[in-house]
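Everything below concerns the one structure shown next.
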Amino acid sequence: MTGLTRYPSNDALAQHLAALPDLKTLFAQDPKRGERFSLDAAGLTLDYSKNHLTEETLALLAKLAREAQLDEKVAAMFAGQPINHTEGRAVLHTALRGSVAESVSVDGAKVRDEVQATLARMEAFVASLFKGEWQGFGGEAITDVVSIGIGGSFLGPKIVTEALKPYWQHKVNVHFVANIDGAALGEKLAKLNPGTTLFITASKSFGTQETLTNSESARDWLKAAGASFADLAKHFVAVTANVAKAEAFGIHADNCFPMWDWVGGRYSLWSAIGLPIALAVGMDNFRALLAGAHEMDKHFQSAPFAANMPKLLALIGICYINYKGATSHALLPYDHGLRALPGYVQQLDMESNGKGCHQDGSAIDHLTGPVIWGAEGTNGQHAFHQLLHQGKQLIPADFILPLESHYKLGRHHAMLASNCFAQSQALMQGKSLAEAKMELAGLDQDVIDALAPHKVMPGNRPSNTLLMDKVSPQTLGALIALYEHKVLVQGILWDLNSFDQWGVELGKVLGNAVLARLEDADQPLDLDASTNALVARYRRHQKNINA
Ligand code: F6P
């Protein structure tokens, strides 16, 4: 592992990390290690003691961060500088939760004013639906809202809405449709009444194939039920930066909530893209979500490195990725409501830091963003934890647990928490051959010798544990902002642009060429041999079913 050779302190860090004792020894050496390496911020507690680090590690990581000009680059983001330079854009999602100075403006418009005006519009919209004032084409109040969007226009609102189920106001039912697979929309429409259903087309670009196609099919469904073109205004709103395209689709400009170039899709749940959240939990709770994220923003900007949660998580992650070759990172929420969090952080992290060139275009010669994956505890324990414990890869993990459940059911929560704590303990301490043999005492020696190696667990496997009192709008806001900032910090250390996503473009372009050949059998099969054969097979099947 060469580490991050661009930084002067790289070699010292690499040598230091290679010489660290294992976790069991570190814990034996310092009975206060658990307290020493934990911290509180914005309603979250992070225990990072089960990581390969000492005070000296933290000092070296702080040095690396200084060499990367981390603080200056973080300040540049909050100041509204165009740090997304490949798209010529500022990165100001933090403004959506009131975390940038009043003076910050983009293209002559004060960002804070735009945010406040949009929140006011959202407030009025939510109120009109809650009061039953927004009516469909038959004069009935809207009962169901379907948010149509994908990627960042879907994942954030979906995970937050799901996680905050105990806060639902039950005034309107909120649904999500993302996939182009007709099953996604079809299953929803089958259960809905056109006269009382409102669609939100959530697309920053208003050019995303999945979202446009689903919206068109929803529009056809309304028309088939008797809605006129003019009636569509009662059944469609948009959240977009491209009002002209929304209008061309048939959504009135008055029904368009703004998105801005300075908010990336995967950072947009705090904007009007978060309307489904507000419709589910109410504006007060939506504002509390913003307030929780704002607390994390303040902490991120002001806490010194050794007490800075996002910076620590980021730099600790870099130790495993760049100095120990970890290529993936598991997110293990021990909370049913947070079960979609790994999928959300997947986009946030992998679309931001899954990059291969530095800011100046030169090739990166080390690992960058890891594969993010995971599932809710304890389900994962009965599925993939085996590999975490005994597999050959190093997979750092984040365990996430609320100390209190919204559902008071017997001993469930204590059991959930015990599983969470015991898993990180098992990963850390492992089981030696001698311990495995002791466990088998009483059996024949040849059986012990044969079985014991299978029970050995190497241990020394790192993890973080994140706790919060309860999953609430505030703590959830802080948790998501924590991961946003972790991603930013890693991107800065790797000197890449975390805010573009050019890698998704080629597949879209090729997809259009393939679609043309799937839908028109007269088009030549002039693609590569594999794709030609797949298209031909698809065409044969279509011919059979249409015969
Ligand atoms: O294709 C990737 C992407 O551009 C994401 O970055 C984005 O969140 C998603 O598609 C949806 O984009 P839009 O909101 O413009 O429809």
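Note that the structure is a prediction, hence the values are computed from the model and not measured. Counting convention: from 1, in listed order, for ligands and their atoms alike.
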**OP:** Report all protein residues having a heavy-atom distance below 4.0 Å to some atom of ligand 1; order the list by chain, then number.
**Re:** Ile150, Gly151, Gly152, Ser153, Ser203, Lys204, Ser205, Thr208, Gly265, Gln347, Glu351, Gln501, Val504, Lys508
Original post:
Rounded to the nearest 0.5 Å, how far apart are NZ of Lys355 and CH2 of Trp502?
Top reply: 10.5 Å
Original post:
Between CZ of Phe176 and CD1 of Ile200, what distance do you get to the nearest 0.5 Å?
Top reply: 8.0 Å
Original post:
Side-chain donor-acceptor pair under 3.5 Å between Asp360 and Ser362, yes or no?
Top reply: yes
Side-chain donor-acceptor pairs under 3.5 Å in residues 258-281, sequence neighbours left out?
from, atom 1, to, atom 2, distance (Å)
Trp260, NE1, Glu114, OE1, 2.5
Arg266, NE, Ser352, OG, 2.7
Arg266, NH1, Glu351, OE1, 3.0
Arg266, NH1, Gln501, OE1, 2.6
Arg266, NH2, Glu351, O, 3.4
Arg266, NH2, Ser498, O, 2.9
Arg266, NH2, Asp500, O, 2.9
Arg266, NH2, Gln501, OE1, 3.4
Tyr267, OH, Ser352, OG, 2.8
Ser268, OG, Gly152, O, 3.4
Ser268, OG, Gly265, O, 2.6
Trp270, NE1, Glu484, OE2, 2.8
Ser271, OG, Ser268, O, 2.7
Ser271, OG, Ile273, N, 3.1

Original post:
What residue pairs, at least two apart or across chains, pass ring-ring contact (aromatic ring centres under 6.0 Å, His included) with a residue in residues 98-136?
Top reply: Phe125-Trp134, Phe125-Phe257
**OP:** Quick one: list whatever passes ring-ring contact (aromatic ring centres under 6.0 Å, His included) with Phe300, sequence neighbours left out.
**Re:**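 With sequence neighbours excluded, Phe300 shows a ring-ring contact (aromatic ring centres under 6.0 Å, His included) to His485, given in chain and number order.
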